[in-house]
Amino acid sequence: MDGTGIGQPFSKAALEGAVHGALGAGSGLTRLNDPAGTTAIVYSYGNAGRATEWGMEFGAGVEVTKQVRITGNYSYFDFTVDEGVPLVPGDLIVPNTPRHKGNVRASFTASRFDAWSSASFATAHDWSSGFFRGRIPSNQRIDGGLGYLLRAKVRVHATATNLFDQRTYHIYGGSIDRRRVLAGLTGYF
């Protein structure tokens with residue numbers, strides 16, 4: 001008996017060659033020995049190809065009154081893939097980020113009270129990471145918060161994210177974002 005139970009001699013090299021052949025060259029398959037000395041075969045995706053990225057970001061803020069402040073920002077992103085660099089068959093190079101995104105925030109602060117609200121947006125974009133590939137839809141979101149200083153060193157506050165409960169996601173294969181409301185009491189020492 002040769003230890004394989006099937007009457008054929010066992011060959012690590014033949015097995016590794018067959019797996020590499022099935023997945024394709026440059027597939028991210030690697031062989032390593034774990035601390036016990038046994039062979040582990042790991043599939044890991046990595047960077048392939050070459051891309052050029054560029055973009056710009058603008059931000060501004062204005063103090064309307066001593067109590068009211070408005071800020072905002074906008075970013076633009078673009079990229080090109082160098083067609084002269086061969087890719088692994090089936091591989092896809094995408095930046096995993098929207099071309100346009102931005103937000104506007106308004107805040108109000110009085111002696112013991114503060115409040116803020118923000119609106120953000122991002123355009124649809126493609127996503128690829130390992131086995132997860134797909135399109136992230138465009139999204140818009142409203143967030144807000146309130147706070148009140150009860151005493152000199154105690155503040156009660158609440159924050160709501162995704163106030164209108166739009167079911168969005170920011171990573172393909174990731175969780176769905178829902179409305180979240182948090183309340184707290186903070187003590188300062």
Side-chain angles (χ1 to χ4, degrees), residues 28 42-81 91-189:
V42 178
Y43 181 78
S44 174
Y45 49 89
N47 293 332
R50 187 178 325 183
T52 302
E53 302 174 343
W54 68 92
M56 60 185 97
E57 184 166 348
F58 300 100
V62 62
E63 193 171 280
V64 179
T65 68
K66 286 198 174 270
Q67 292 84 21
V68 177
R69 181 163 177 79
I70 298 173
T71 59
N73 67 41
Y74 164 79
S75 65
Y76 172 82
F77 174 85
D78 204 353
F79 79 108
T80 58
V81 175
D91 209 355
L92 179 66
I93 296 180
V94 295
N96 294 345
T97 194
R99 184 173 305 250
H100 305 277
K101 68 179 180 177
N103 69 60
V104 175
R105 178 181 169 116
S107 59
F108 174 81
T109 304
S111 62
R112 298 172 85 86
F113 175 77
D114 62 273
W116 64 271
S117 180
S118 69
S120 59
F121 76 93
T123 56
H125 61 282
D126 292 321
W127 177 274
S128 177
S129 180
F131 302 108
F132 297 106
R133 289 184 178 175
R135 186 121 175 110
I136 306 292
S138 63
N139 63 75
Q140 305 78 38
R141 191 172 90 182
I142 304 290
D143 302 330
L146 301 168
Y148 186 76
L149 194 60
L150 295 173
R151 297 186 202 167
K153 299 198 181 237
V154 178
R155 181 175 179 265
V156 62
H157 53 91
T159 301
T161 55
N162 194 6
L163 192 61
F164 296 115
D165 199 25
Q166 294 184 353
R167 291 175 172 90
T168 62
Y169 52 94
H170 302 278
I171 299 173
Y172 198 80
S175 61
I176 303 292
D177 294 339
R178 302 283 314 265
R179 177 187 308 121
R180 182 175 63 178
V181 177
L182 302 171
L185 184 67
T186 303
Y188 302 95
F189 300 97

For this session: Could you tell me which non-hydrogen atom of R135 sits nearest to which non-hydrogen atom of D126, and how far apart they are?
Result: NH1-OD1, 3.1 Å
Problem set entry | By ring pair (Phe, Tyr, Trp, His ring centres under 6.0 Å) - contacts of H100 (at least two apart) | Y74, Y76
Problem set entry | Side chain proximity check, L146 to F113, heavy atoms < 4.5 angstrom | yes
Exercise. What residues, two or more places apart in sequence or in another chain, satisfy salt bridge (charged side-chain N to carboxylate O under 4.0 Å, His left out) together with R105?
Worked result: none
Seminar exercise, completed: The reported gap from NZ in K66 to OG1 in T109 (rounded to nearest 0.5 angstrom) is 12.5 Å
Exercise. To the nearest 0.5 Å, what is the distance between CD1 (I136) and NE2 (H125)?
Worked result: 5.0 Å
Exercise. Okay, side chain of R112, backbone of L150: is any donor-acceptor separation there less than 3.5 Å?
Worked result: yes
Seminar exercise, completed: Closest non-hydrogen contact found for D165 with R178 is OD2-NH2, 2.9 Å
Exercise. Closest approach of L149 and R155, non-hydrogen atoms and distance?
Worked result: CD1-CB, 3.9 Å
Exercise. Considering only heavy atoms from C-beta outward, does the side chain of T161 approach that of D177 to under 4.5 Å?
Worked result: no
For this session: Find out whether V154 and L185 are in side-chain contact, i.e. whether some heavy atom of one side chain is under 4.5 Å from a heavy atom of the other.
Result: yes
Exercise. Taking C-beta and beyond as the side chain, do S117 and I142 meet within less than 4.5 Å on heavy atoms?
Worked result: yes
For this session: Starting from the C-alpha separation in whole Å, work towards a yes-or-no answer on side-chain contact (heavy atoms from CB on, under 4.5 Å) for V104 and F121.
Result: CA-CA 9 Å; V104 175; F121 76 93; over 6 Å; no
For this session: Could you grab the distance from atom NE2 of H170 to atom OG of S175, nearest 0.5 Å is fine?
Result: 9.0 Å
Exercise. Are side-chain heavy atoms of F108 and T65 found at a separation under 4.5 Å?
Worked result: no
For this session: Look up atom CD1 in I70 and atom CH2 in W116, then write down how far apart they are to the nearest 0.5 Å.
Result: 15.0 Å
Seminar exercise, completed: Separation between CZ (R179) and CG (N162), nearest 0.5 Å, reads 7.5 Å
For this session: State the CG-CD distance between D114 and Q67, to the nearest 0.5 angstrom.
Result: 12.5 Å
Problem set entry | Heavy-atom closest pair, residues R69 and E63 | NH1-N, 3.8 Å
For this session: Indicate yes or no: at least one non-hydrogen side-chain atom of N139 is less than 4.5 angstrom from one of Y169.
Result: no
For this session: Please confirm whether the backbone N or O of S128 pairs with a side-chain atom of N96, one donor and one acceptor, at under 3.5 Å?
Result: yes
For this session: On the 0 to 90° scale, with breaks at 30° and 60°, tag the F79-F77 ring pair as parallel, tilted or perpendicular.
Result: parallel
